[in-house]
Amino acid sequence: MQRDSALSRPHNIELSTLPPLGQILVEDGTLTTDQLRQALAAQVRGGQRLLLGEVLIQMGLVDKTVLLQAVAKNRGVEFVMEPAALFEEGAMALIPENMRKEHRVCALFLAGTELVVATADPQNYFVEELIARETGFKVRFVASPDESIDALLSDPTRAAENVNKQAEELVADLFDGTDEADYQLQEKRVEEMMGFDATDDVGPVVKLVNFMICSAAAEGASDIHIEPDEGHLRVRYRIDGVLFHKLSPPYRMHAAISSRVKIMAHMDISERRVPQDGEISVRVKGRAIDLRVSTLPGKFGEKIVMRIIDVSTAKLGLEKLGFRPKMLETFQNVIDQPYGIVLVTGPTGSGKSTTLYSVLGTFDTIANNVSTVEDPVEANLQGVHQAQINPKAGFTFSGALRALLRQDPDIIMVGEIRDGETGQIAVQAALTGHLVLSTLHTNDAPSSITRLQNLGVEPFLVAASLKGVLAQRLVRRICSQCKQEFSPDAQQLKSLGEYAPMCSRLWKGTGCRKCHDTGLSGRLGVYELMVPDEALIDAICANSEPAKIREVLKAGGFSTLWDDGVQKVLEGMTTIEEVYGACRR
């Protein structure tokens, strides 16, 4: 016999005693304030024999699913429309069959010591405690509709197959004409946790996540975005700084995809109400790939972003970063100094970390004690001690740097100078015989002087310690497959200013499959390098204004970001539009 809705059972906490429920329905736009008042009045007329939820359903103001979503939100639990998408067969037996049938609950999966259980009655604290005592696990409820619970209880295998049908069709299309072996991840810890071997036939959700990671790595993507929206789900890759739409899995797969990624990243699979961070380490076709995973709750579910760090390319040689020969020679002389502070500046995503890792790769780590303080550690450097800050535990940049100075260091890399204390310690370390590398968020090299002074570092200390500042941006390269010459028009020549007479012929990409029809593929750096000379040191000590410092640099033949970018345009490496966009930031 079909049971009534779990929301109408006598042991439910009365919804009329929970004012937030009505507020949730009004805030979500499900009810108007007048409709809620009418429902409360009808409940009072009935002697409050009916729960508010029952009244709302009888009046036709909400349906059972919408009401259950509101109840789940009021209780602070996740609502899962299709719990079969998260179901792991071995978990079902953790709850005795008689208890499953009597209370209509279904164990979905085990996350550490926490058992995630689907129920249509998420407010039943008695059943939650009963399951906890019976199983010995901490129980976390997720709310699911009656019909979904019934399907799982009657035939869990068939329910899971029905939910995965769309996923299987999508995966079949993705792998049509390709070798699935090319989209397998090798990661022992994940295989053990998921209970399968690399040779096993894994489910469609696992295959789909593997495909995302492998294909993104193959295309040179820096990030994977998994973004739920109203009724649909999209997957985008960031390639050469630009997002491209790649996949549109069924929306009902979102919970399963999210859970799979969280398992791989060793995150709390049952927590979907707060942001989380995690890491994944895998091998794709023999290449070591690290992923930094971030989740962010949203109106339609969690958005997941995976930052891809290709360990094999994270430590490029300086000669591969796009330096012109003369600037590379000068920069090499700067980092060869036995002491002092060297800064790399630029906005987020301008390649500062890659430059610093490349610099660290030039040092002899056997003869030198090289240490870093980072947030986060983006790649493992052999022979280098790397520390990751943990502000929640009180382990900050300044505290870590202070501790490092007691470790007999020769070379120190500080991920970022964010505050005055870190800046002052870094400068003092540079003045006492250490080479200190770090980053600042400034728009150009000259601004770094003002920034350090604003952080409280005395001008004479800046002048005495600063050995060089490298400002940089990233621009996209012209695609080598579809590159061709063209004659610039009047507007393009005008934008080049004094360089216009040199630009009778330029290059561009016409668009092809390799560059996703953009004409651009891969990236290189655009740089300006400030090395203090006597005139600049005098200007810094005199606490000169930024405009004065730029005058001194210009008189000494300083080459700006724009100058370096235009030279690369003339050499056919990039386009005017790319350089203009980069230097404007």
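Values in this document were obtained by computation on a predicted structure and should not be read as measured data.
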Asker: Please give me the minimum heavy-atom distance between Pro546 and Thr450, naming the atom from each residue.
Answerer: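 Nearest pair, atom of Pro546 first, then Thr450: CG-OG1, 3.5 Å.
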
Asker: Heavy atoms, side chains only, cut-off 4.5 Å: are Val475 and Lys568 in contact?
Answerer: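 With C-beta onward as the side chain, the pair stays apart.
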
Asker: Going by atom types only, do Thr330 and Asn333 share a side-chain donor-acceptor pair under 3.5 Å?
Answerer: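 Checked: Thr330/Asn333 side chains show no N/O donor-acceptor pair below 3.5 Å.
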
Asker: Between Glu528 and Leu561, is there a donor-acceptor pair closer than 3.5 Å when you use the side chain of the first and the backbone of the second?
Answerer: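 Side chain of Glu528 to backbone of Leu561, a donor-acceptor pair under 3.5 Å: yes, one is there.
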
Asker: Side chains of Arg451 and Ile417: closer than 4.5 Å at any heavy-atom pair?
Answerer: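 Result no, sub-4.5 Å side-chain heavy-atom pair not found.
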
Asker: I want to check something: taking the side chain as every heavy atom from C-beta on, are Thr345 and Asp444 in contact at a cut-off of under 4.5 Å?
Answerer: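 Heavy-atom side-chain distance check fails, nothing below 4.5 Å.
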
Asker: Can you confirm whether more than 12 heavy atoms, excluding those of Arg307, are under 6.0 Å from its CZ atom?
Answerer: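 Atom CZ in Arg307 is not packed in, count stays at 12 or less.
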
Asker: Answer with yes or no whether the side chains of Arg418 and Thr439 bring together a donor and an acceptor at under 3.5 Å.
Answerer: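 Arg418 and Thr439 do not have a side-chain donor-acceptor pair below 3.5 Å.
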
Asker: Nearest 0.5 Å, please: how far is SG in Cys482 from CG in Leu520?
Answerer: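 Leu520 CG to Cys482 SG: 8.0 Å, rounded to 0.5 Å.
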
Asker: Is the shortest distance from a Lys or Arg side-chain nitrogen in Arg324 or Glu571 to a carboxylate oxygen in the other one below 4.0 Å?
Answerer: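 Looking at Glu571 together with Arg324, the answer is no, because their closest N to O distance does not fall below 4.0 Å.
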
Asker: Between Glu578 (side chain only) and Arg476 (backbone N and O only), is there a donor and an acceptor less than 3.5 Å apart?
Answerer: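 Yes, because the side chain of Glu578 sits within donor-acceptor range (under 3.5 Å) of the backbone of Arg476.
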
Asker: Within a strict 4.5 Å, meaning less than it, do heavy atoms of the Val569 and Tyr499 side chains meet?
Answerer: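 A side-chain contact is absent here, since even the closest heavy-atom pair is not under 4.5 Å.
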
Asker: Within this structure, what is the CG-CD distance for the pair Asp564 and Gln472, rounded to the nearest 0.5 Å?
Answerer: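 Result: 11.0 Å between the selected atoms.
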
Asker: Between Thr574, Leu524, Thr575, which is the residue that forms a side-chain contact (heavy atoms from CB on, under 4.5 Å) with Arg477?
Answerer: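 Only match with Arg477 under side-chain contact (heavy atoms from CB on, under 4.5 Å): Leu524.
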
Asker: Are there over 12 heavy-atom neighbours, none belonging to Tyr339, within less than 6.0 Å of that residue's OH?
Answerer: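 No.
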
Asker: Could you walk me through whether Leu437 and Phe363 satisfy the side chain to side chain contact (heavy atoms under 4.5 Å, CB included) test, starting with their C-alpha distance in whole Å, then the side-chain angles of each, then the deciding distance to 0.1 Å, before giving a yes or no?
Answerer: CA-CA 12 Å; Leu437 310 171; Phe363 296 130; 4.0 Å; yes

Asker: Taking atom types as modelled and ignoring hydrogens, do the side chains of Tyr357 and Glu374 form a donor-acceptor contact shorter than 3.5 angstrom?
Answerer: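 Checked: Tyr357/Glu374 side chains pair up, N/O donor to acceptor below 3.5 Å.
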
Asker: Locate the shortest heavy-atom distance separating Ala430 from Ile341; write the atom from each residue and the value.
Answerer: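 Shortest heavy-atom separation between Ala430 and Ile341 comes out as CB-N, 3.7 Å.
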
Asker: If we only count heavy atoms from C-beta on, is the Pro409 to His385 side-chain gap below 4.5 Å?
Answerer: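 When only atoms from C-beta onward are counted, His385 and Pro409 do not touch, as no gap falls below 4.5 Å.
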
Asker: Check Ile308 against Ala217 and note the closest heavy-atom contact, atom names and distance.
Answerer: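 That closest heavy-atom pairing would be CD1-N, 4.4 Å.
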
Asker: Examine distances only and state if a side-chain atom of Asn210 and a backbone atom of Lys207 form a donor-acceptor pair shorter than 3.5 Å.
Answerer: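 Answer holds: no.
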
Asker: Strictly distance-based, threshold 3.5 Å: is any side-chain N or O of Arg236 a donor or acceptor partner for the main-chain N or O of Leu243?
Answerer: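 Looks like no, no N/O pair under 3.5 Å.
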
Asker: Say you draw a straight line from SG of Cys515 to NZ of Lys483; how long is it, rounded to the nearest 0.5 Å?
Answerer: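 Separation between the atoms: 13.0 Å.
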
Asker: Between Asp229 and Arg234, is there a salt bridge with N-O shorter than 4.0 Å?
Answerer: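 No, this pair does not count.
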
Asker: Any chance the side chains of Ser480 and Lys514 put a donor and an acceptor closer than 3.5 Å?
Answerer: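 Judged by distance alone, the side chains do pair up.
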
Asker: Between Lys352 (side chain only) and Gly346 (backbone N and O only), is there a donor and an acceptor less than 3.5 Å apart?
Answerer: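 Present.
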
Asker: Taking all non-hydrogen atoms of both residues, which atom of Ser281 and which atom of Asp290 are closest, and how far apart?
Answerer: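 Heavy atoms only, the tightest pair is OG-OD1, 3.1 Å.
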
Asker: How are the rings of Phe323 and Tyr527 set relative to one another: parallel (under 30°), tilted (30 to 60°) or perpendicular (over 60°)?
Answerer: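 Parallel, since the angle between the ring planes stays under 30°.
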
Asker: Does some side-chain heavy atom of Phe244 sit less than 4.5 Å from a side-chain heavy atom of Thr518?
Answerer: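 Answer yes - side chains close enough.
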
Asker: Which value, rounded to the nearest 0.5 Å, describes the distance between Cys479 atom SG and His516 atom NE2?
Answerer: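 If we round to the nearest 0.5 Å, Cys479:SG and His516:NE2 are 10.0 Å apart.
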
Asker: Could you please spell out the steps behind the side chain to side chain contact (heavy atoms under 4.5 Å, CB included) verdict for Met413 and Val359?
Answerer: CA-CA 10 Å; Met413 192 269 274; Val359 170; over 6 Å; no

Asker: With respect to Ile389, which candidate in Val414, Thr396, Val373 satisfies the side-chain contact (heavy atoms from CB on, under 4.5 Å) definition?
Answerer: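 For Ile389, the side-chain contact (heavy atoms from CB on, under 4.5 Å) test succeeds with only one of Val414, Thr396, Val373, which is Val373.
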
Asker: Roughly how far, to the nearest 0.5 Å, is the CG atom of Leu343 from the OG1 atom of Thr442?
Answerer: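 It comes to 8.0 Å.
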
Asker: Answer yes or no: is there a side-chain heavy-atom contact under 4.5 Å between Ile449 and Met530?
Answerer: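 Result yes, sub-4.5 Å side-chain heavy-atom pair found.
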
Asker: Do the non-hydrogen side-chain atoms of Leu233 and Phe300 ever get within less than 4.5 Å of each other?
Answerer: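 Heavy-atom side-chain distance check fails, nothing below 4.5 Å.
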
Asker: How many angstroms lie between OG in Ser371 and CG in Leu381, if you round to the nearest 0.5 Å?
Answerer: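 CG of Leu381 is found 11.5 Å from OG of Ser371.
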
Asker: So for atom CD, which belongs to Glu230, do other residues, nucleotides or ligands contribute more than 12 heavy atoms lying within a distance under 6.0 Å?
Answerer: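 No - once you tally the heavy atoms of other residues, nucleotides and ligands closer than 6.0 Å, there are 12 at most.
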
Asker: Within a 6.0 Å radius of atom CD on Glu485, are there more than 12 heavy atoms belonging to other residues, nucleotides or ligands?
Answerer: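 Yes - once you tally the heavy atoms of other residues, nucleotides and ligands closer than 6.0 Å, there are more than 12.
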
Asker: Please find the pair of heavy atoms, one from Gln388 and one from Val377, that lie closest to each other, and give the distance.
Answerer: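 Closest heavy-atom pair between Gln388 and Val377: OE1-N, 3.2 Å.
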
Asker: Between Leu536 and Ile549, does a side chain to side chain contact (heavy atoms under 4.5 Å, CB included) hold up when you go through it step by step?
Answerer: CA-CA 7 Å; Leu536 182 57; Ile549 290 175; 3.7 Å; yes

Asker: For Asn369, does its backbone N or O pair with a side-chain atom of Asp410 as donor and acceptor, under 3.5 Å?
Answerer: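 Side chain of Asp410 to backbone of Asn369: a pair is present.
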
Asker: Is the side chain of Asp489 donor-acceptor paired with the backbone N or O of Gln491 at a distance under 3.5 Å, no angle test?
Answerer: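 Indeed, once roles are kept as given, a pair shorter than 3.5 Å links the two residues.
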
Asker: Are the side chain of Ser258 and the backbone N or O of His254 linked by a donor-acceptor pair below 3.5 Å?
Answerer: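 Not at all, since once roles are kept as given, no pair shorter than 3.5 Å links the two residues.
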
Asker: Walk me through it: do His441 and Glu416 pass the test side chain to side chain contact (heavy atoms under 4.5 Å, CB included)?
Answerer: CA-CA 8 Å; His441 283 283; Glu416 181 185 349; 2.9 Å; yes

Asker: I need the minimum non-hydrogen distance between Tyr251 and Pro228, along with the two atoms involved.
Answerer: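 Result for this residue pair: CE1-CB, 4.0 Å.
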
Asker: What I want to check is whether the side chains of Ser487 and Arg505 have a donor and an acceptor closer together than 3.5 Å.
Answerer: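 Arg505 and Ser487 do have a side-chain donor-acceptor pair below 3.5 Å.
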
Asker: Look only at the side chain of Ser448 and the backbone of Ala445, and say whether a donor-acceptor pair between them is shorter than 3.5 Å.
Answerer: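 It does hold such a pair.
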
